[in-house]
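Scroll down for the structure; my scribbles are underneath it.
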Amino acid sequence: MSNVTVIGTQWGDEGKGKIVDWLASRADIVVRFQGGHNAGHTLVVGDQVYKLSLLPSGLVRGKIGVIGNGVVVDPKALMTEIDRVTGQGLVVTPETLWIAENAPLILPVHGALDRAREAARGEHKIGTTGRGIGPAYEDKVARRAIRICDLAEPETLDWKLDELLLHHNTLLAGLGAETFTKEQLKDFLTEITPRLLPFSCQVWDRLDEARRAGRRILFEGAQAVMLDVDHGTYPYVTSSNTVAAVAASGSGVSPSSVGFVLGIAKAYTTRVGEGPFPTELHDQTGRTLGERGHEFGTVTGRPRRCGWFDAVLIRRAVRVGGVSGIALTKLDVLDGLDEIFICIGYELDGQKIETFPSAPGAQSRVKPVYETMPGWKETTAGARSWAELPAQAIKYVRRIEELIEAPVTLLSTSPERDDTILMRDPFED
Ligand code: GDP
Ligand code: IMO
Ligand code: MG
């Protein structure tokens, strides 16, 4: 019996939320360890649709949800989300939601700076979600973040706010954006403190206790390896590490607790925001994938860019992310296509290359080398067993396994919770 860590292997939106929700029935505790409310995880359970950004997906199963210290927490966004899901019948109390008291807060200055900088970047903009994620992580590393535990110490808060505003107002003024007063931030914090503090605790200690009691932990990653601040398509990435190793540091558990690393991959590829995307399709097939897959950002509503499966990038995500097995999602979106393309290599300036380059100029010039496979006419949508899949769809999955050098241990065939095929239970590994 082991813990399981779920991470995205592409550019996000692979269906992590659906898979975490499905796996959560086998877990006791579900932990978010990085990212913030830039994440958007959609769970479909019967006629209910849950859209979660900060809350761990396990809460929908009535499991304990944990927000680890590696997450940046926008307290207003969190309370709005709690109110929304409570309206849908979920129970979110300090008994069911534990938030690390050493997690940094996202304040209104962060969103303002994120948006002002994006506007100033012009054609080189990153296409962020505009939610202050980058500036909040910058403040954490620069040692000027306000952390949840600071809310209980008015004297600490006072000098930290001065330091924070000195930095941010200088930048905001330089960018021609509106600055903030200390009173504005104090009012913001005074309003949220009584609701937020009761959820906060020493998460590392409770997780350690849970481990000793033999409870199963499911770590829920946000974003994906290609958006990782070190291993992704920098600078068109998010501001946190998204690989499985961070599940440990982002929640305060031992590296050995990470367990089975389940990488989530779509049967094709999508990306929201700017940045290189070698297999992107600008034609009708790309639009068809987008329409069938309902590819619109959960957070910003932006249409997602769509393209073919890139086996080279996923093989890299498997190696860098320490992926033990893959959950392949949205296979049903490929139903009825005559031909399916898989990227098996690249060309850069007329030369064949083995791996994806690191510099942004080269990354944007990379051309995919494709292998084609016949599609299938039958439907896979809603399939719940391997036996229900058409032979050609099985061949596609098998070929992907060979190319990415990792087994497909789960398959997803619709947004609905139970339309899932389990080949190997990651908790039993
Ligand atoms: P996440 O950010 O990785 O959790 O993914 P999102 O929830 O942002 O985006 C995935 C979308 O695909 C959601 O709308 C899911 O309901 C949907 N989805 C997940 N798995 C499948 C699947 O196997 N087939 C189809 N058609 N949709 C899926
Ligand atoms: P989930 O967890 C897809 C993208 C943004 C932008 C870049 C940086 O739902 O898979 P940020 O606001 O993080 O500074 O934006 O990262 N991005 C995501 N794309 N899914 C996500 O999360 C994302 N979170 C951030 O679109 O390109
Ligand atoms: Mg998403």
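For ligands, and for the atoms within them, numbers begin at 1 and follow the listed sequence.
- Contacts of D114 with ligand 2, taken as heavy-atom pairs under 4.0 Å, are absent altogether.
- Under a 4.0 angstrom heavy-atom cut-off, R304 registers as being in contact with ligand 1.
- Those atoms of ligand 2 with a heavy atom of A222 less than 4.0 angstrom away are 2 (O).
- Both the backbone and the side chain of T129 come within contact range of ligand 2, each with a heavy atom under 4.0 Å.
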Exercise for review: Using the side chain to side chain donor-acceptor pair (under 3.5 Å) rule, take Q392 and E378 through it: C-alpha gap first, then chi angles, then the decisive distance, then the call.
Suggested key: CA-CA 9 Å; Q392 205 49 50; E378 304 88 332; over 6 Å; no
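- Close approach of ligand 2 to G12 (heavy-atom distance below 4.0 Å) involves ligand atoms 3 (C), 10 (O), 20 (N).
- Scanning the protein for heavy atoms near atom 16 (O) of ligand 1, the closest one is P415 CB, 3.4 Å.
- Atoms of ligand 2 found under 4.0 Å from any heavy atom of K16 (numbered from 1 in listed order, with element): 1 (P), 2 (O), 10 (O).
- Between D338 and K377 there is a salt bridge, since at least one side-chain N of the basic residue sits less than 4.0 Å from a carboxylate O of the acidic one.
- Only one option out of F341, Y346, F277, F356 pairs with D310 in a side-chain contact (heavy atoms from CB on, under 4.5 Å); it is Y346.
- Atoms of ligand 2 lying under 4.0 Å from at least one heavy atom of G127, given by number and element, are 5 (C), 6 (C), 26 (O), 27 (O).
- In the model, K330 has no side-chain atom that pairs as donor or acceptor with a side-chain atom of S412 under 3.5 Å.
- The side chain of R302, and not its backbone, has at least one atom closer than 4.0 Å to an atom of ligand 2 (non-hydrogen atoms only; side chain from C-beta on).
- The protein atom (non-hydrogen) at minimum distance from atom 26 (N) of ligand 1 is D332 OD2, 2.7 Å.
- Nearest protein neighbour of atom 8 (O) of ligand 1, counting heavy atoms only, is G40 O, 2.7 Å.
- Closest to atom 23 (C) of ligand 2 among all protein heavy atoms lies Q223 CG, 3.7 Å.
- Regarding atom 13 (C) of ligand 1, its nearest protein heavy-atom neighbour is T42 CB, 3.7 Å.
- Summary of contacts: the protein heavy atom closest to atom 10 (C) of ligand 1 is D13 O, 3.6 Å.
- For ligand 2 and G273, the ligand atoms under 4.0 Å from any heavy atom of the residue are 27 (O).
- Under 4.0 Å from ligand 2, not a single heavy atom of R271 appears.
- Taking a 4.0 Å cut-off on heavy atoms, H294 fails to register as neighbouring ligand 1.
- Annotation: protein N, O or S atoms under 2.8 Å of the Mg ion (ligand 3) (waters excluded) comprise D13 OD1, G40 O.
- Both the backbone and the side chain of K330 come within 4.0 Å of ligand 1, counting heavy atoms alone.
- Counting heavy-atom neighbours within 6.0 Å of F188 CZ, excluding the residue itself, gives a total above 12.
- Closest to atom 20 (N) of ligand 1, if we only count protein heavy atoms, is S412 OG, 3.4 Å.
- Using a non-hydrogen distance threshold of 4.0 Å, G12 does not register as a contact of ligand 1.
- Counting heavy atoms under 4.0 Å from ligand 2, residue W11 touches it through the backbone alone.
- With respect to the salt-bridge test (charged N to carboxylate O, under 4.0 angstrom), the residues K76 and E191 qualify.
- Only the backbone of T413 comes within 4.0 Å of ligand 1, judged by heavy-atom distances.
- One side chain, T238 or N38, offers a donor N or O that lies under 3.5 Å from an acceptor on the other.
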